[in-house]
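A, B, ... follow the sequence lines: proteins, then strands. Residue 1 opens every chain.
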Amino acid sequence: MTDNEPRDFIRKIIYDDLESGKHTGIVTRFPPEPNGYLHIGHVMAICLDFGVAAETGGKTFLRLDDTNPGKESPEFVQAIKDDVHWLGFDWGDRLTHASDYFDHLHESAIRLIEMGAAYVDSLSAEAIREHRGTLTKPGTNSPFRDRSVEENLDLFSRMYAGEFADGEHVLRAKIDMASPNMNLRDPAIYRIRHIPHQNAGDKWCIYPMYDFAHGLSDAYEGITHSLCTLEFEDHRPLYDWFLDQLKPEHRPRQIEFSRLNLAYTITSKRKLKMLVDEGIVSDWDDPRMPTISGMRRRGYPPEALREFVKRAGVTKKDKLIEMGALENCVRETLGDSAPRRMAVLRPLKVVLTNYPEDQVESMEAMNHPGNPDFGTRALPFSRELWIDQDDFMEEAPRKFFRLKPGGEVRLRFGYIIRCDEVIKNDAGEVFELRCSYDPDTRSGTGKSDRKVKGTIHWVSCQHAIDASVRLYDRLFNDANPNMADDFHSVLNASSLEVVAAKLEPSLAAGDDAVQFERLGYFSVDAQDSTPDAPVFNRIVTLRDSWAKLEKQALQK
RNA sequence: UGGGGCGUAGCCAAGUGGUAAGGCAUCGGGUUUUGAUCCCGUGUAUCGCAGGUUCGAAUCCUGCCGCCCCAGCCA
């Protein structure tokens, strides 16, 4: 147990239930509907459901909530399993489906009918809506509400037998059409759908609704605490109503917490699906997507996501968390684990005019400045180098301590160089820099104690590897696109930029996440990269206080 | 306008009658061959507002305001 650590309100309830002896073991479930990919919001639920069970020595079911065939598919089931595993959680032999319980559910529905607590309604969907009333006006009873038990049983068995078309009849719980809680106005519990099911195949043509299936599934599995998001709070009376009526052996308790919203992104499966279907992103695992698979492909480490949701906390307050908070978790974990490398994103040629034509030196470079265990590597150095265009300014402000005409800068793990001449192309763009190096300043020799303010990264031209590097930015320009009338209007048109980069030779090995020094963390794109044409994704930039200064200067 | 939920610093978040933790961000400063990391320091938070109870209120009471969710045969 994690004593002394502040516990969220749900853990308090659960730990209390353990201490009071109400429960001797905790059983939770993570119940996604396999109708899309899991996203950052689900990470929170996964960490809570699996986390609290693991902490208490309990168990967690991964339950596919597949009560609505037509929207659900095995592809999504597989993706969900992959994502939960990747995040670091294990359900053991507790992979279940709501559809595993269709027989029990069907029997329970019949019991409800026998108890006079459910009836077959033959009103059209539209008529049912009209009878439901509004938020301020009570509903009115369906003319079919008082059918006899026998008639209901007969009708329901014929629904089951496939005698009716979709929508002809529906089974409803008989509760209270005047309830101020809309969910209690005789909710539908079974509907007719002549459509095969992703797990149950052709066995059924009637399917249970979420409210009916969920609580009972929880009960069948012996779930002690059924954790869900706030929008189901209104459903809790209904959840409890079914349990009150049917009195299953185990009685689960539903507890609701607020969803986690990430600024500048959306967490609605429906909208994420639109991004995919409309080709705005390449697929569900596009590295810009807030899906688990997208973040995985982008290179986010799972421990960073776990740390992120831990910091976010579990409460009932609506949250919209800054993107920076997530990115910071990613930087923190990668900062420790990623080896350092050098790469030039927007190459600008530097010729060292006083360096021997055919000479190549080998520079020793640390793989991690803070951790000697990472060792060192050899970096080839020669007369022609690539540096980043951002590291040169023809007319530089005072505080710019990179390269400028007549100015000096240190090449990381190399020499101090001075910019002697700026060569431009016909369009007047800076095309090449003629520089001279100071042979006494070779890194690590201690021959000179000269200091220069700036250090920049570089790659030897003749040794460089060409690679395509994808630079990602937020998908939306609005902090809360969830609330936009039409998310298309707040899309960030430049969320992806692809550059032709030059990499140091050791990057051919294609490691896991690495840091390109002074630029950020990058990883090989598992799908598109090939040995001949490497493709890297930028996971996240480094913090950049220079960019911040520039931005402030612009605002003045 | 019915019902449910939520309001503590820019973003999260502890706190449950004894005088406002912590994290992230911000802003200073130090170290640094990554303008990174690291290290120090940095916040008058009218605890949504207004009344009330109390020696004492973010915590209790009353009234108000704001935001979110609910009228699928979706989950």
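- Residue side chain A/Glu322 reaches the base of B/G10 through a donor-acceptor N/O pair under 3.5 Å, judged by distance alone.
- Partner A/Arg518 forms a side-chain hydrogen bond (donor to acceptor under 3.5 Å, both in side chains) with one of A/Asp388, A/Asp391, A/Thr455 and no other, that one being A/Asp391.
- Residues that satisfy the salt bridge (charged side-chain N to carboxylate O under 4.0 Å, His left out) test with A/Lys273, not counting sequence neighbours, are A/Asp277.
- Listed by chain and number, the residues in a side-chain hydrogen bond (donor to acceptor under 3.5 Å, both in side chains) with A/Tyr37 are A/Glu75 (sequence neighbours excluded).
- Residues passing the side chain to side chain contact (heavy atoms under 4.5 Å, CB included) test with A/Asp438, sequence neighbours excluded: A/Asp440, A/Thr441, A/Arg450.
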Taking only nitrogen or oxygen atoms into account, show me every contact under 3.5 Å that the protein makes with nucleotides 67-70 of chain B, one pair per line with its distance.
from: B/C68; atom 1: O4'; to: A/Asp318; atom 2: OD2; distance (Å): 3.3

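- Residue A/Thr67 is in sugar-phosphate contact alone, with no base atom involved, counting any heavy-atom pair closer than 4.0 Å across all strands shown.
- As judged by a 4.0 angstrom heavy-atom cut-off over every strand, A/Gly335 is placed among residues making no nucleic acid contact.
- On the C1' atoms, B/U59 is 16 Å away from B/A21, given to the nearest whole Å.
- A/Phe374 is linked by a ring pair (Phe, Tyr, Trp, His ring centres under 6.0 Å) to A/His368, counting only residues two or more places apart in sequence or in another chain.
- Applying the salt bridge (charged side-chain N to carboxylate O under 4.0 Å, His left out) rule to A/Asp218 yields the partners A/Arg63; only residues at least two apart in sequence or on another chain are considered.
- A/Thr315 comes within 4.0 angstrom of sugar-phosphate atoms only, judged by non-hydrogen atoms across all strands, and of no base.
- Base orientation of B/G17: anti, the glycosidic angle falling outside 90° of 0.
- Taking atom P in both B/A71 and B/C65, one finds a spacing of 25 Å when rounded to whole Å.
- Counting any heavy atom pair closer than 4.0 Å across all strands shown, A/Met209 reaches sugar-phosphate atoms only and no base atom.
- In this model, the phosphate group of B/A13 is approached by a side-chain N or O of A/Lys319 to a distance below 4.0 Å at OP1 or OP2.
- In this structure, A/Arg412 pairs ionically with A/Glu517, as a charged nitrogen and a carboxylate oxygen lie closer than 4.0 Å.
- Listed pair A/Lys317 / B/U8 meets the phosphate criterion, a side-chain N or O lying under 4.0 Å from OP1 or OP2.
- Taking atom P in both B/G7 and B/A13, the straight-line distance is 9 Å, to the nearest Å.
- Ring-plane geometry between A/Phe516 and A/Phe522 is classed as parallel, the angle between the planes falling under 30 degrees on a 0 to 90 degree scale with a further cut at 60.
- Going from the C1' atom of B/A57 to that of B/U19 covers 10 Å, rounded to whole Å.
- The residue A/Lys137 sits apart from the nucleic acid: no heavy atom pair falls under 4.0 Å.
- With respect to the salt-bridge test (charged N to carboxylate O, under 4.0 angstrom), the residues A/Arg377 and A/Glu364 do not qualify.
- Within the structure, every side-chain polar atom (N or O) of A/Arg259 is placed at least 4.0 Å from both OP1 and OP2 of B/G5.
- The residue A/Ala125 sits close to a base: some heavy atom pair falls under 4.0 Å.
- Among the heavy atoms of the strands, none lies under 4.0 Å from A/Tyr190.
- With sequence neighbours excluded, the residues satisfying side-chain hydrogen bond (donor to acceptor under 3.5 Å, both in side chains) with A/Ser142 are A/Asp121.
- For A/Ala188, the side chain to side chain contact (heavy atoms under 4.5 Å, CB included) criterion is met by A/Val170, A/Met209, not counting sequence neighbours.
- Taking 4.0 angstrom as the limit, A/Arg185 places none of its side-chain polar atoms (N or O) nearer than this to OP1 or OP2 of B/A71.
- Legend: residues meeting ring pair (Phe, Tyr, Trp, His ring centres under 6.0 Å) with A/His106, ordered by chain and number and at least two apart, are A/Phe156, A/Tyr160, A/Trp204.
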For nucleotides 34-41 of chain B, 5' to 3', base contacts (B), sugar-phosphate-only contacts (S) and non-contacts (-) with protein non-hydrogen atoms under 4.0 Å give BBSS----
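- Of the C1' atoms belonging to B/A58 and B/C6, the separation is 15 Å, rounded to the nearest Å.
- Separation of the P atoms belonging to B/G23 and B/A14 is 15 Å when rounded to the nearest angstrom.
- Contact annotation: A/Lys71 side-chain N/O to B/C73 OP1/OP2 distance is not under 4.0 Å.
- Side-chain nitrogen and oxygen atoms of A/Arg191 include at least one within less than 4.0 Å of the OP1 or OP2 phosphate oxygen of B/C74.
- With sequence neighbours excluded, no residue forms a side-chain hydrogen bond (donor to acceptor under 3.5 Å, both in side chains) with A/Lys174.
- In this structure, A/Arg410 does not reach the B/U32 phosphate: none of its side-chain N or O atoms is under 4.0 Å from OP1 or OP2.
- Looking at heavy-atom distances under 4.0 Å, A/Leu123 makes contact with a base.
- Considering only side-chain N and O atoms, A/Lys548 lies under 4.0 angstrom from the phosphate OP1 or OP2 of B/C27.
- With the 3.5 Å cutoff on both pairing distances, Watson-Crick and G-U pairs in RNA chain B assemble into runs of at least 3 at B:2-7 with B:65-70, B:10-12 with B:22-24, B:27-30 with B:38-41, B:48-52 with B:60-64.
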